[in-house]
Amino acid sequence: MGLTARAADDRQRFEVAGADLAARFLEDNGVTDSRVDTVWDGIALHTSPGFAASPVHRHRRPPEIGIGQRGILLDIEGGPDDLPPGYASRVHAVYPRLGGARALSETLEARSLSDPATAPPMTLPGEILHQLHPELPYTTWQMTLDASRWGD
């Protein structure tokens, strides 16, 4: 949702824009308890798989967040052999993949080109933009440190 027209005016990372839209939807429909926070965290953190590896994170956050992160990672980096035999075929018979991962990349690229502020360095959109358009300016970590006015 963070990449749809509903979030077009939102200059945040798409993960946060989508999380904000989901939270507003839930609250507008009467859900105002901790489930809103769980949904927000799960969506906002879904492109940060390193969190799921932390035992402290797993202990302190609802399990839905880690399940969502692992499922999304499997959807992008995995394959049918990562699931029980025949499971992917049964699911895709009802819900075909339709090239979603490539479409996501193309949508992130287009959004990032139209508004580079939505693709900060060291984020998924930032990396997609940098890899597909190396000719564009790209702020590296070292450049960030060099620009610091602390003098260290």
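Remark: Met143 CE to Ser148 OG distance equals 14.0 Å, nearest 0.5 Å. The CZ atom of Arg24 lies 10.0 Å from the CE atom of Met1; values are rounded to the nearest 0.5 Å. Between the CD atom of Glu15 and the CG atom of Leu3 there is a distance of 8.5 Å, given to the nearest 0.5 Å. Taking OG of Ser112 as the start and CG of Leu132 as the end, the distance is 9.5 Å to the nearest 0.5 Å. In this structure, the separation between CG on Asp20 and CZ on Arg6 is 12.5 Å, given to the nearest 0.5 Å. Between the CG atom of Leu145 and the CG atom of Asp152 there is a distance of 8.5 Å, given to the nearest 0.5 Å.
Cluster membership check: Val31 shares its hydrophobic cluster with Phe25, using side-chain heavy-atom separations under 4.5 Å among Ile, Leu, Val, Met, Phe, Trp and Tyr. Both Val36 and Ile43 belong to a common hydrophobic cluster when Ile, Leu, Val, Met, Phe, Trp and Tyr are linked at side-chain heavy-atom distances under 4.5 angstrom. Residues Leu104 and Ile128 fall within the same hydrophobic cluster, defined by Ile, Leu, Val, Met, Phe, Trp and Tyr side chains chained together at heavy-atom separations under 4.5 Å. Both Val91 and Leu83 belong to a single network of hydrophobic side chains, linked directly or stepwise wherever heavy atoms of I, L, V, M, F, W or Y lie under 4.5 Å apart.
The aromatic rings of His46 and Phe14 sit perpendicular, their planes meeting at an angle over 60°, well past the 30° parallel limit.
Although no hydrogens or angles enter the test, the distance criterion places no donor-acceptor pair under 3.5 Å between the side chain of Asn29 and the main chain of Leu26. With hydrogens and angles disregarded, no donor-acceptor distance shorter than 3.5 Å links the side chain of Arg60 to the backbone of Val56.
Summarising the geometry of Thr118 relative to Pro125, their closest heavy-atom pair is O-CB, 3.8 Å, with the distance given to 0.1 Å. Contact record, Met122 with Glu127: N-OE2, 4.0 Å, taken as the closest heavy-atom pair.
Annotation: side chain of Leu113 is in contact with side chain of Leu136 (closest heavy-atom distance under 4.5 Å). Counting heavy atoms from C-beta outward, Leu108 and Arg111 have side chains that stay 4.5 Å or more apart. At a threshold of 4.5 Å between non-hydrogen side-chain atoms, the residues Arg13 and Thr47 count as touching.
For the 3.5 Å distance criterion, the side chains of Tyr138 and Gln131 fail to qualify, holding no donor opposite an acceptor.
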